[in-house]
Amino acid sequence: MDRVLLTWHGHSCFQIDTGATTVLIDPFISGNPNAAVSIEELDPDIVAVTHGHRDHLGDTVEIATRKDCMVVCIHELSQYLRSKGIKTTGMNIGGTVEIGDILLTMTDARHSSSIDESGWCFDGGRAAGFIIRSKGISIYHAGDTAIFSDMELISRLYQPHVALLPIGGRYTMGPKDAALAVEMLCPEIVVPMHYGTFDHIAQDPVFFSDCVKKVSSAEVIIMGIGSDLWL
Ligand code: NI
Ligand code: MN
């Protein structure tokens, strides 16, 4: 196959399948009341984690243990996962790793990170996003983030065709600032994420789409949970 298949599993969890390699990003499945897939059905080669919060680290330990797959994440999180016997590729913001036919570049995100376990909070390093490139397609997964002006640099450096952006507000950008992020990123396609999973991040993605139309010619695609998009 010469195209890339993008699947949304709800919240910030996306799967990118090149035919040769499958990357699963932020696999928050068993704790997601709206999940349409079970973790047993997922079969990734790589799990990429943007930060330690439980709605992103999610089922990473279970999936990586069962599939014996590689987890790509920031150094501090990789040390934690390694202590659980998981194979990791630790990296940091600005760096790129190549795995199979995929390039993963870690980008900045304006957010916090921690590993929450049994009432304790461990340092999770920095929160990040990813640029994922394969077959001439560049996909930006912003992770959890506020808007920041270096999104213009991300646009210049990696020219994302697709931007996966949080719009839920409260913990991340809301619809209006995410629309301004689209203006800076200049993607062809935008997919909203990190909304509607819980009451306090309820948002109308159509309102986000209307905000984008005012500032950008990018196409907003509101994916359903479990739906696919060929790129
Ligand atoms: Ni978070
Ligand atoms: Mn989150």
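Order of appearance sets the numbers: ligands from 1, and atoms from 1 within every ligand. Please read these numbers as outputs of a predicted model, since none were measured by experiment.
- Distances from the Mn ion (ligand 2) show that H11 has no N/O/S atom below 2.8 Å.
- In this structure, the side chains of I189 and H161 stay at 4.5 Å or more apart for every pair of heavy atoms.
- Between the OD2 atom of D55 and the NE2 atom of H56, the angle centred on the Mn ion (ligand 2) amounts to 90° when rounded to 10°.
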- Could you please spell out the steps behind the side chain to side chain donor-acceptor pair (under 3.5 Å) verdict for D144 and T172? CA-CA 6 Å; D144 275 0; T172 69; 5.6 Å; no

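- Side-chain contact check for V23 versus F14: every heavy-atom pair is 4.5 Å or farther apart.
- H56 and H194 have their aromatic ring centers within a separation under 6.0 angstrom.
- Defined by atom type and a distance below 3.5 Å, a donor-acceptor pair is missing between the side-chain atoms of T21 and D45.
- Side-chain contact between I221 and V190: absent, with no pair of heavy atoms (C-beta onward) separated by less than 4.5 Å.
- The atom name of the N/O/S atom in D144 closest to the Mn ion (ligand 2) is OD2.
- With waters neither drawn nor counted, the protein N/O/S atoms under 2.8 Å from the Ni ion (ligand 1) amount to 4.
- Ring geometry for H200 against F198 counts as parallel: the plane angle stays under 30°, on a 0 to 90° scale with 60° as the upper cut.
- In this structure, the ring of F28 has its center less than 6.0 angstrom from the ring center of H11.
- Taking 2.8 Å as the threshold, H194 counts as a candidate ligand of the Mn ion (ligand 2), since one of its N, O or S atoms lies below it.
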